[in-house]
Amino acid sequence: MKQLGFGTMRLPTVNGEVDVKECEKLFDRFLEGGFTYFDTAYGYHDYKSELVVREALVKRHPRESFLLADKMPVWLVKESADLERLFSEQLEKTGAGYFDYYLLHALSEARIETADAVDAWGFVLKKKEEGLIKHVGFSFHDTPEVLDKVLSAHPQVEFVQLQINYADWESERVESRRCYEVARRHGKAVIIMEPVRGGSLADLRSPIGDPFKKAAPDKSFASWALRYAASLEGVLMVLSGMSAMEQVVDNMATFSPMVPLDEQERKVVEEVREALEKAPTIPCTRCNYCTETCPQGIPIPSILASLNDDAAYGEAYAKRQYASATKDKPFASACIECEVCLSRCPQHISITDHLKAAAEKFE
Ligand code: SF4
Ligand code: SF4
């Protein structure tokens with residue numbers, strides 16, 4: 001099985017709706033390249049990703065020609081009957097008949113409590129016995145300690161899906177390395193999500209990305225990130241949320257065949273990782289003291305994070321982050337300069353100046 005999986009959380013869109021015809025082209029090209037793994041979830045694309053998978057993939061290709069992963073939205077489960085209802089709905093929406101890989105979605109300590117309370121673990125294992133699931137696992141967003149606890153309590157799980165990329169490998173927030181080590185210590189296969197960190201590592205500002213260009217001028221930044229992830233031992237699949245044909249073609253080339261990073265290339269990645277860490281950033285700790293008092297309800301820490309993204313990853317990615325931060329909230333330009341936030345910020349950040357910069361850059 002080729003190690004690149006097609007994530008369906010960032011499919012191409014037209015006027016806010018998924019472009020099914022374009023998805024057909026992307027999926028067909030992916031299959032023609034000998035790649036078979038597709039990853040969807042109940043909530044992706046406003047609950048429509050599973051329907052798109054049915055139209056663009058399931059209806060148009062023999063079921064045995066692809067592998068499909070889907071996920072139980074544990075946050076929507078209030079009682080055990082919800083598990084059966086949601087699972088049946090997923091089978092119907094995808095039309096897949098069965099799932100090759102099935103995950104309890106985005107487990108954290110609180111969601112593990114829910115999964116335990118309704119015995120979601122017993123439910124997925126029963127579906128496996130019935131042949132409706134081939135392989136059982138979960139995706140995870142919490143600390144290595146919580147991961148260790150849940151894998152000790154549920155040894156039947158076959159694989160774990162983790163956020164792993166070179167930028168987050170040692171980060172205190174994601175703890176990619178330590179989570180990966182816990183999963184491997186428990187003998188679990190690992191599926192990697194966000195290897196290109198939401199696309200941010202595909203678009204690095206100069207001079208941050210220069211070592212990649214110098215080492216391999218014809219290779220994309222994304223190819224370095226994917227190879228970093230796929231070079232790890234025990235990795236079953238590396239998922240990439242692809243939305244354009246160039247990405248599909250470039251990513252497939254990286255895996256045809258996948259060549260693990262050698263020692264020299266690892267040093268190049270390390271150089272870029274260090275440069276990313278040193279990129280000038282606004283030292284916001286996301287304590288939210290400012291947002292508690294802002295009369296305009298401006299999402300200040302998220303806007304400051306977009307400015308930080310702009311410094312490291314370039315404008316295209318930062319603009320997407322800004323759009324997401326202000327999706328249901330006021331823009332930076334809504335600031336009335338009352339300055340209440342300034343006295344609240346323990347980091348003494350010049351919030352009003354940064355908001356002006358964000359408004360100029362992103363709006
Ligand atoms: S200065 Fe702007 S961001 Fe700060 S509290 Fe006032 S309106 Fe909100
Ligand atoms: S108060 Fe300062 S550090 Fe805290 S979230 Fe607001 S800007 Fe960031």
Side-chain angles (χ1 to χ4, degrees), residues 9 43 75 106-111 140-146 163-179 193-194 196-205 207-209 272-363:
M9 74 294 278
W75 56 95
L107 290 193
S108 57
E109 193 158 30
R111 286 189 191 149
F140 183 78
H141 296 277
D142 210 320
T143 64
E145 290 71 26
V146 173
Q163 174 168 336
I164 294 180
N165 56 66
Y166 66 80
D168 288 324
W169 186 240
E170 297 290 353
S171 95
E172 287 175 20
R173 189 177 52 81
V174 182
E175 299 196 81
S176 285
R177 177 180 59 77
R178 291 189 61 224
C179 285
M193 57 184 162
E194 303 295 5
V196 193
R197 207 166 175 265
S200 63
L201 302 179
D203 186 18
L204 299 166
R205 276 216 187 271
I208 294 171
V272 172
R273 196 181 68 76
E274 281 173 13
L276 272 174
E277 264 180 17
K278 287 183 197 145
T281 51
I282 303 162
C284 171
T285 58
R286 287 187 167 268
C287 66
N288 274 316
Y289 293 149
C290 55
T291 51
E292 282 166 11
T293 47
C294 174
Q296 299 293 85
I298 296 169
I300 298 165
S302 302
I303 290 174
L304 299 184
S306 307
L307 287 168
N308 285 342
D309 287 335
D310 182 67
Y313 306 118
E315 201 166 311
Y317 177 74
K319 269 190 173 162
R320 289 203 300 276
Q321 296 304 102
Y322 182 79
S324 160
T326 53
K327 192 170 170 229
D328 308 309
K329 299 207 167 120
F331 287 148
S333 55
C335 174
I336 52 170
E337 298 189 50
C338 67
E339 300 196 348
V340 175
C341 56
L342 300 184
S343 60
R344 295 280 291 162
C345 179
Q347 309 302 325
H348 310 292
I349 294 168
S350 311
I351 295 172
T352 45
D353 291 343
H354 288 307
L355 292 182
K356 273 186 215 154
E360 261 173 45
K361 224 175 239 297
F362 302 133
E363 288 174 23

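In listed order, ligands and their atoms are each counted from 1.
Considering only non-hydrogen protein atoms, atom 4 (Fe) of ligand 2 sits nearest to C287 SG, 2.3 Å. Protein heavy atom in closest approach to atom 8 (Fe) of ligand 1: C294 SG, 2.4 Å. Annotation: atom 2 (Fe) of ligand 1 to nearest protein heavy atom, C335 SG, 2.4 Å. At the shortest separation from atom 7 (S) of ligand 1 among protein heavy atoms lies I336 N, 3.5 Å. When hydrogens are left out, the protein atom nearest atom 6 (Fe) of ligand 1 is C338 SG, 2.3 Å; that is the closest non-hydrogen contact.
At a 4.0 Å heavy-atom cut-off, ligand 1 touches I300 through the side chain alone. Contacts between L355 and ligand 1, counted as non-hydrogen atom pairs separated by less than 4.0 Å, involve the side chain only. With a heavy-atom cut-off of 4.0 Å, T291 does not touch ligand 2 at all.
Proximity of a side-chain donor or acceptor of E109 to a complementary backbone N or O of D142 within less than 3.5 Å is not detected.
At a cut-off of 2.8 Å, C341 does not coordinate atom 2 (Fe) of ligand 1 through any N, O or S atom.
Using a 4.0 Å cut-off to heavy atoms of C290, the atoms of ligand 2 that qualify are 1 (S), 5 (S), 6 (Fe), 7 (S). Short contacts between ligand 2 and Q347, defined as distances under 4.0 Å to a heavy atom of the residue, involve ligand atoms 3 (S). Close contacts of ligand 2 with I351, meaning ligand atoms under 4.0 Å from a residue heavy atom, involve 7 (S). Near N288, meaning under 4.0 Å from one of its heavy atoms, ligand 2 places the atoms 4 (Fe), 5 (S). Using a 4.0 Å cut-off to heavy atoms of E339, the atoms of ligand 1 that qualify are 1 (S), 6 (Fe). Close approach to L304 involves these atoms of ligand 2, each under 4.0 Å from a residue heavy atom: 7 (S). Remark: ligand 1 atoms within the under-4.0 Å shell around heavy atoms of T352 are 1 (S). Remark: ligand 1 atoms within the under-4.0 Å shell around heavy atoms of Q296 are 7 (S).
Under a 4.0 Å N-O distance rule, the pair R273/E277 qualifies as a salt bridge.
Of all non-hydrogen atoms in G297 and P330, the two that sit nearest each other are O-CD, 3.3 Å. Contact detail for Y313 and S200: the closest heavy-atom pair is CD2-O, 3.3 Å.
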